[in-house]
Each structure stands twice: as structure tokens, then as C-alpha cells.
Amino acid sequence: MKTRLIAVGLLAAFATGMAVAANKETSSTSEAEKAFRSSFRSDNPGYWMKRLDQDETMALCSKYKNVPPKNVKLKIERDQMATIRYPIEGKLIGDWREGEKLASSGKGGHIGFIQPDPPGTARGGNCYACHQMSPKEVAYGTIGPSLKHFAKTRGSSEEIVKYVYDKVYNSNAFTACTNMPRIGYNNWLTPEQITHIVAYVLDPESPVNQE
Amino acid sequence: MMRTKMRLLAGVALCLGLAATQAGAEGKPSDEISKYREMLADGNPADLVELRGEELWKTARGPKKASLEKCDLGLGPGVVDGAYAQLPRYFKDSGKVMDAESRLVHCMITLQGFTKEEAIKQWFSKPGKDSDIEALVTFIGARSNGKPIHVPHKDPKEAAMYKTGEYIFYRRSGPQDFSCATCHTSNGMRIRLQELGNLTTREGAGTAMKSFPAYRVSQGSVWTMQHRLIDCIRQARWPEPEYLSDAVIALEVYLQGNASGTVMETPGIKR
């Protein structure tokens, strides 16, 4: 009886300790967020400042430094899978030539006073920033895995086509907190543009699948 | 001016001699020497910027017609040697954690009588219009050469800034879901052809932090750390934080903290 009481007491003390620690954590996080937000000019256009807002996925990935615990990871992947939208005609493979232009361009979306993109700059998919694709292009980054000969090694079944489309549309549907942007989900590219990129990755004629 | 340049060259030559004896003693291939030779042959254009900064430091300017020679960069009034390596730090007189740049501006305001607006109007160079701040920071940075970066963030205000910096480093947002961590947490990665260091380790952060302010060949000018960070934030497709804002200083506390122990070697040369 006595031991149980002590145990309960200890548990209570432990719980309070946890609560205090958690409170401390939240207060330092909100202080940090305040310091961050107040570092921007107050006369910035509203749509610029919206870029600092976080959706639930961003907030969770930030909190866990991109290594979420299993249950959080599964929840993010489930939720993100449900966001994927397809082009109206339903065709997931477009024109690889268009896809090549999109994959190669890192332009678009730069704002601010110092070096903004000229108005009307078309946004690119920026795939080469992170992936090797065509073996002919040497200026590729290595943040993501090589996609060279993707169709040669993975095939181009309906399943693979859908996978590449879905992955580009919302990378987090497969890997919560990946470094790869959610290109369709964020309205960075349209579903139609994504079908061109899918073609660039999977079309046997595409340089990605040539020598 | 000319005399100082001569002194600088003599200094480099001295280093060369030193490197030569060391390399000789250890019997290592003389990488360092060839580096210095290269430097002597081409010259880092930032050396001239540094000299201009030194002149500016000593010249009486502003409404109060004062030089910056009494500026307290954290090691006491007038002490420039080793100061950059220990910044950012908490300053009692302003009640703030300040980096080299915000402290310099503080001195331009308090000692020389400039308004903040005047002081930071040209915080980076534009074609045909050199920035005084850049030159002054290059001078201040170089006076820490050979000193280890030491930002232990022991003071509670500094510790809080470190936490804030770490928080911002991992904070994802914007149309590309980027955070600093996206580009700067792996070893040996590239974005396109540009190499990215892992800024969460001493080696990675050190490689970056010890070499700033640095001459950027692609830009044809010296970039201070504030400029570097504000530009990375632009690349992340976020709006730019204000020059000298807490977000930038917090990131610097975080990065200098991670880089602590690395020996300063500025001005660096970057892509």
C-alpha cells in the first residue's frame, strides 16, 4: 500500500516535471518564432509573408528536425497521399521535351528587394539541383538519388508512372519530411506540367533513358 | 596606404617562410605554400578592401567627427584583435546579442553620430558603389586571423539566441518546403555543381565561418556573413529578413557556436 502511494507520488512528480519541461520548450519555441517573424519588414506584401506560414507537415518536420517518430511519419504520409490531384484528362505521361525544360530550370519564385525574379518569370521544376538525370548533363546536384536510366532500371508500368507522378506531386506521401519539395501540392507546377516531367523520367526516348 | 600594403605583403611573405619551414619539418607536400604562392601571384582582391576598411576605421567621420578607434567590439574599447572570432555576443550597454556588423553599426551611431539609416544605407556594394560596412567588416574580420572562433553562448541571452538560431535552421516553409537544413545537413552534397557543407558539424560550419567575410568571384565583391545568410534566405524563396535583424544574428550565433574551435582565415575566396 505504502509503496504504491510512493509510486503514485513519484509518477505525479515525474508528470509535473514533464509538464514543466514541455512548457519551457513551448515557450522557447514561441520566443524563437516571434524573433523570426519580427525580423522581416512590416511593409512586405502580404503574399510574401504568407511564405513564412507553415502547414501541419512543415511544422511537424521542423519540430522533429526531419526525423519524425514512426506514428507521426505514418500520419504525414497518409495525409499527404490524400492531397494528390490529377490532370483533368487523366493522362499521366506528357511530352518529355517540355519535361526536360522544366527539369532543367531552377528559375522562378525569388522575391524580395535585392534580387527578385523579373515579373512573369516561369517557374521550373529544378530537378537537376538535386538529381542526376540525363547522363549527358554534368551539372547535377546530389541531394537526391540519381534518376539516370530510371525507366531502364525500374520499368515504366502503369504503377511506376503513377508512382513518379505522385512522388513529384507530393514527395511527402512516400517519405515524410524528405528534402524533396512538394511540387504539385505547393502549386509550384501544374498537374499538366508534372506529366511532362514524368515523361522526361520515363519515356524511352528521353535523354534520361539514353546513353 | 601604400605602407600598409607593403606591410601586408611582407606579412604574407613571412607566412610563406613559416609554412615552408613547417612543411619542411614534417616533410609534407607543400600544399599550403602553393596556395600562398597563388595568393601572392593573383592577390585576393579583398586585401584591398581590407586596407580600405582599416583607413575608414581610423578616419574621423560623421557628425561627431570621430574615428572608430574607441569602438568596443566585445573585448574592450579599441580592441580589434580577436574580436570577430568571439562574436556574436551579449552586450550589456545595448541589452542585445550583437554580431560584428550590428556592433560596428552601433559604434557608427554612438561614436560617430550617424543615424542607423545613414550607417546601413549601403550595407553591400553595388556596381560602382563600394560599401563602407563591407570594408570595415573585412578589416575587423582579418584582425582575428589565426584566432579560434569562440562563441560558447554561455550567457542566458546568448543561449536563447543559439536556440532561436537552431530553430530557424530547421524551420521549413515556403513554396519549396525549404529550410537551411535541406541544403546544409549532409556531408559532401552538391546543389547543381555547388558544394554544400554540413553546417551542423564543427568541420562544416568551421569551413564556412572561418572564411567570412569572403571575396565572391561570381559577384566581384566581398560578402559579409549577413549578406551570405540573407541571400540563402532569398534562395529559399522566402522574403529577405532585414539587415541586422535578430533572425540573422541568431543564425550566426548557431553557426559560430557550431564552428567554435576553428581558426579564422579571412578574407576567404568563394565561388
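Lettering of chains follows the sequences in order, A, B, ..., and the numbering in each one begins at 1. Keep in mind it's a predicted model, so treat the numbers as computed, not measured.
Neither the backbone nor the side chain of R123(A) has a heavy atom closer than 4.5 Å to any heavy atom of chain B. If you measure heavy-atom distances from L244(B) to chain A, you find no contacts under 4.5 Å at all. Y185(A) does not touch chain B: none of its heavy atoms, backbone or side chain, sits under 4.5 Å away. Contacts of S104(A) with chain B are made by both backbone and side-chain atoms, with heavy-atom separations under 4.5 Å. Interface remark: E166(B) contributes side-chain atoms only to the contact with chain A (heavy atom separation under 4.5 Å). Proximity to chain B (any heavy atom under 4.5 Å) is restricted, for N66(A), to the side chain, taken from C-beta onward. Using a 4.5 Å cut-off between heavy atoms, S186(B) does not touch chain A at all. Residue contact with chain A, scored on non-hydrogen atoms closer than 4.5 Å, is absent for L251(B). Of the two parts of F169(B), neither the backbone nor the side chain holds a non-hydrogen atom closer than 4.5 Å to a non-hydrogen atom of chain A. For a residue to count as touching a neighbouring chain, one of its non-hydrogen atoms must lie under 4.5 Å from one of that chain's; by this rule W188(A) touches chain B with the side chain only.
The pair E33(A)-R171(B) counts as a salt bridge, with a side-chain nitrogen and a carboxylate oxygen less than 4.0 angstrom apart.
Atom CG in D177(B) sits 6.5 Å away from atom OG in S171(A) (nearest 0.5 Å). Distance check, rounded to the nearest 0.5 Å: CD1 of I143(A) to SG of C183(B) gives 4.5 Å. With rounding to the nearest 0.5 angstrom, the OG1 atom of T57(A) is 9.5 Å from the CZ atom of R172(B). Rounded to the nearest 0.5 Å, atoms NZ (K65(A)) and OG (S179(B)) are 11.5 Å apart. Atoms CD1 and CD1, from I233(B) and I114(A) in turn, are 10.0 Å apart once rounded to the nearest 0.5 Å. Atom CH2 of residue W238(B) and atom NE2 of residue H110(A) lie 12.5 Å apart, to the nearest 0.5 angstrom.
Heavy atoms of other residues, nucleotides or ligands lying less than 6.0 angstrom from NZ of K270(B) number more than 12. Atom CD of Q219(B) has more than 12 neighbouring heavy atoms from other residues, nucleotides or ligands inside a 6.0 Å radius. K167(A) NZ: more than 12 foreign heavy atoms inside a 6.0 Å radius. No more than 12 heavy atoms of other residues, nucleotides or ligands lie within 6.0 Å of CD in E203(B), so this atom counts as exposed by the packing criterion. The environment of CD in E56(A) is sparse: at most 12 heavy-atom neighbours from other residues, nucleotides or ligands sit within 6.0 Å. The neighbour count for K96(B) NZ, taken as heavy atoms of other residues, nucleotides or ligands under 6.0 Å away, does not exceed 12. Within 6.0 Å of NZ on K152(A) lie more than 12 heavy atoms contributed by other residues, nucleotides or ligands.
Seen from the ring of Y140(A), R192(B) does not count as a face-on cation partner, given the 6.0 Å and 45° thresholds.
With respect to chain A, the highest number of heavy-atom pairs below 4.5 Å among D231(B), I191(B), D246(B) belongs to I191(B). Of the listed residues (A129(A), S38(A), G112(A)), the greatest number of heavy-atom pairs within a distance under 4.5 Å of chain B belongs to A129(A). Contact count against chain B (heavy-atom pairs under 4.5 Å) is highest for R51(A) among Q132(A), R51(A), H131(A). The greatest number of non-hydrogen atom pairs below 4.5 Å with chain A, out of P241(B), A247(B), A236(B), is found for P241(B). Of the listed residues E240(B), E242(B), Q176(B), R237(B), the one with more heavy-atom pairs under 4.5 angstrom with chain A than any other is R237(B).
Between the side chain of T142(A) and the backbone N or O of M189(B) there is no donor-acceptor pair closer than 3.5 Å. The closest donor-acceptor contact from the side chain of S173(B) to the backbone of D53(A) lies at 3.5 Å or more, if one exists at all.
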Take T164(B) and F36(A) through the side-chain contact (heavy atoms from CB on, under 4.5 Å) test and state the conclusion after the steps.
-> CA-CA 8 Å; T164(B) 297; F36(A) 179 69; 5.8 Å; no

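In this structure, the side chains of L52(A) and P239(B) come closer than 4.5 Å at one or more pairs of heavy atoms.
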